[in-house]
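Here is the structure we will look at, set down as structure tokens.
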Amino acid sequence: MQSDNRLFDDFAKFVNGAAGTIAGMAREGEAAARERAKTFLGGMDFVSRDEFEVVKAMAVAARDEADTLRARLDALEAKDRPSPAPFAGEPADSPGAGEGAL
């Protein structure tokens, strides 16, 4: 009976050792896969979320500035446009007449 117990004990030690080895191999495989994925994704020049948010804010500010400048330009162009000439049938003393009218 003593030998039967030893056989089971040896088998239990073997199974425990194999389970520990398999668990270690799984951890190493996971770490290697994670490192490969990190290397693969790192080579694709992805940007971080923080960098994206900064560039997005810069684009919004540039768009706002362009809209402001466009409005200023429209106002300046409207100011520089000559007033329309008076109609041929309009009397000389009407408000639309030019400066040379009598």
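Here the structure is a predicted model, which means the values were calculated and not measured.
Atom CZ of R49 sits about 4.5 Å away from atom CD of E53, to the nearest 0.5 Å. The distance from atom CG of L73 to atom OG1 of T68, rounded to the nearest 0.5 Å, is 12.5 Å.
Between D10 and R6 there is a side-chain heavy-atom pair separated by less than 4.5 Å.
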_Full working for salt bridge (charged side-chain N to carboxylate O under 4.0 Å, His left out) between R70 and D67_ = CA-CA 5 Å; R70 184 177 298 120; D67 290 343; 3.1 Å; yes
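The stretch residues 29-38 participates, sequence neighbours left out, in these side-chain hydrogen bond (donor to acceptor under 3.5 Å, both in side chains) pairs: E30-R34.
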